[in-house]
Amino acid sequence: MERVRRLLAESQFDAIVSTWPENTHYLSGFYHPDMRLTWERLHIVVWPAGGEPIYVVPKARADNWNGTDSGTWAPEEDRPYISDIRGYRGEHEHMVDVVADALADLGLTNGLIGVEYRACPVKISDGLRHRMPGLRFGDAWPLFNQMRQVKTPAEVQLLTEVNQLTARHLEDALSTLRAGDTELAVAARITDALMRAGAQELTHSIFGGGCRAGQWHPWPSQKALETGMLIRTDWGVRINGYCSDIARTAVVGTASREQRTRFDRISAVHDVIVDAARPGVVARELVDLARREYEQRGEEFRWSIVGHGIGLVLHEEPQLTVEYDEPLVEGMTLEIELGWVNPTQGFHIEDFVYVGRDRTINLTTDPGARALIESGR
């Protein structure tokens with residue numbers, strides 16, 4: 001947590017109040033899926049610059065951790081790093097009272113408080129403003145992004161594990177496609193294999209065959225697969241809150257020469273982008289490079305992004321689009337993704353990479369090992 005302390009101390013904020021599950025997980029070290037499933041029961045981190053944090057959570061969880069419950073619930077296996085844990089009752093105003101008391105106990109009745117403008121409920125920000133009129137509020141979203149963007153070795157290890165797991169089982173399932181299978185049946189096999197192998201949550205299951213592969217985000221349907229059909233998939237799961245996001249393209253049976261040629265061209269550009277995604281490079285430069293590489297290979301750049309960061313957030317900063325002008329830095333983890341779509345078909349390649357000091361490493365596809373998956377081979 002030294003990085004959090006340093007960046008907060010260097011910021012303009014006197015304290016941060018975080019409510020978004022991905023950020024509270026990062027700040028507290030605690031994660032549970034119910035932080036998303038029951039969003040109204042917020043887990044809130046109050047962290048003062050130069051001081052110790054306070055964790056505000058539902059009373060049942062706080063009492064369990066603090067050893068003050070009546071024995072109703074069994075102890076949870078996971079606990080936060082934060083030792084000052086305070087509980088609130090219900091799902092309404094009492095949580096705001098507890099956060100306001102925490103700020104007051106920290107001596108913060110005046111000053112600038114950082115909150116997540118994209119995620120902080122108005123109930124929290126307006127509630128604090130009414131209770132503590134001396135406070136001012138600013139957007140801490142960029143600060144949280146900065147905190148999370150450089151990964152620790154432990155984070156890199158876990159992200160590598162979950163992404164390699166996803167790639168392996170996605171590829172295995174696609175290699176067994178048969179005409180007559182439904183998209184949903186294949187999706188169920190993929191997800192079952194991932195859960196049996198240690199995945200804890202499914203984040204997304206994009207699966208489209210034929211013209212559905214040309215849709216933006218096709219969900220699996222009851223559509224039956226046909227011989228020669230091009231299949232576009234994009235799968236993600238979580239382990240301990242950390243995400244995977246892997247895309248693979250397959251053909252039912254044997255691919256045509258046109259299908260293989262287009263895939264090989266996209267694959268070659270993907271390798272170029274991975275090699276170019278080094279510290280100091282700006283996202284829009286990678287987009288421009290991808291466009292040029294497509295054109296040099298005789299393909300139209302029919303895609304909108306070349307990748308994004310990944311960690312506790314599925315699409316984490318940086319977003320590798322023309323709008324993003326911040327440079328890559330050592331220690332980032334990215335998903336490099338390229339594709340090609342039209343109204344009748346779609347290709348998609350997405351791999352997990354680590355930005356090192358001197359080079360970027362693809363951790364889910366070995367050099368020279370990528371190929372269009374053909375279930376007939």
Parallel, tilted or perpendicular: rings of Tyr55 and Trp65 (30°, 60°): parallel
Whether Tyr294 and Phe301 hold their rings parallel, tilted or perpendicular, with breakpoints at 30° and 60°: perpendicular
Least distance between heavy atoms, [X] atom then [Y] atom:
X	Y	value
Trp303	Glu337	NE1-O, 3.6 Å
Ala276	Val281	O-CG2, 3.4 Å
Arg232	Gly214	NH2-C, 4.5 Å
Val353	Asn362	CG1-CA, 3.8 Å
Arg41	Pro58	CB-CG, 3.9 Å
Gln259	Phe347	O-CE2, 3.6 Å

State plainly whether the residues [X] and [Y] are in salt-bridge range, i.e. N to O under 4.0 Å.
X	Y	result
Arg297	Glu293	yes
Glu326	Arg284	no
Asp234	Arg248	no
Asp126	Arg129	yes
Arg61	Asp34	yes
Asp264	Arg262	no

Hey, are the side chains of [X] and [Y] touching, using non-hydrogen atoms and a 4.5 Å cut-off?
X	Y	answer
Ile239	Leu158	yes
Val251	Ile373	no
His25	Tyr242	yes
Leu174	Ser375	no

Check whether [X] reaches the backbone of [Y] with its side chain - one donor and one acceptor, N or O, closer than 3.5 Å.
X	Y	value
Asp139	Tyr117	yes
Glu285	Val282	yes
Thr333	Ile310	yes
Arg291	Val287	no
Asp14	Ile113	no
Thr176	Ala173	yes
Glu316	Gly309	no
His217	His204	no
Ser11	Phe13	yes

[X] and [Y]: side-chain donor and acceptor closer than 3.5 Å?
X	Y	value
Glu374	Thr254	no
Asn66	Thr68	no
Tyr31	Arg36	yes
Gln164	His169	no
Asn23	Glu116	yes
Arg370	Ser267	yes
Thr321	Gln319	no

Would you find more than 12 non-hydrogen atoms of other residues, nucleotides or ligands less than 6.0 Å from [X] atom [atom1]?
X	atom1	answer
Trp73	CH2	no
Gln157	CD	no
Arg3	CZ	yes
Lys59	NZ	no
Arg89	CZ	no

Aromatic Trp20 / basic Arg118 pairing, under 6.0 angstrom, 45° off normal: no
Distance (rounded to the nearest 0.5 Å) between Asn64 CG and Thr72 OG1: 9.5 Å
Pairwise distance CG(Asp351) to NE2(His270) - rounded to 0.5 angstrom: 4.5 Å
Working for side chain to side chain contact (heavy atoms under 4.5 Å, CB included), residues Val46 and Val99: CA-CA 7 Å; Val46 180; Val99 173; 4.0 Å; yes
State plainly whether one hydrophobic cluster holds both [X] and [Y], where clusters connect Ile, Leu, Val, Met, Phe, Trp and Tyr through side-chain heavy atoms under 4.5 angstrom apart.
X	Y	result
Val274	Met332	yes
Ile305	Val313	no
Ile54	Met147	no
Phe137	Val17	yes
Ile246	Phe263	no

Val306 and Leu338: CA distance, side-chain angles, deciding distance, side chain to side chain contact (heavy atoms under 4.5 Å, CB included) verdict: CA-CA 6 Å; Val306 300; Leu338 288 172; 3.7 Å; yes
Steps toward side chain to side chain contact (heavy atoms under 4.5 Å, CB included) verdict (Val329, Val150): CA-CA 8 Å; Val329 299; Val150 174; 3.9 Å; yes
Residues Glu2, Arg6; criterion salt bridge (Lys or Arg N to Asp or Glu O under 4.0 Å); working and verdict: CA-CA 6 Å; Glu2 190 56 37; Arg6 176 176 60 80; over 6 Å; no
Arg212 vs Glu183, salt bridge (Lys or Arg N to Asp or Glu O under 4.0 Å): CA-CA, chis, key distance, verdict: CA-CA 11 Å; Arg212 296 189 71 252; Glu183 293 179 350; 2.4 Å; yes
side-chain hydrogen bond (donor to acceptor under 3.5 Å, both in side chains), paired with Ser244, selected from Thr364, Asn163, Thr166: Thr166
Side chain to side chain contact (heavy atoms under 4.5 Å, CB included) between Leu42 and Tyr88, worked out: CA-CA 10 Å; Leu42 295 174; Tyr88 64 82; 4.2 Å; yes
Chi angles and distances behind the salt bridge (Lys or Arg N to Asp or Glu O under 4.0 Å) call for Arg278, Asp358: CA-CA 7 Å; Arg278 301 187 182 198; Asp358 302 314; over 6 Å; no
Stepwise salt bridge (Lys or Arg N to Asp or Glu O under 4.0 Å) test for Asp192 and Arg189: CA-CA 5 Å; Asp192 179 68; Arg189 293 203 298 266; over 6 Å; no
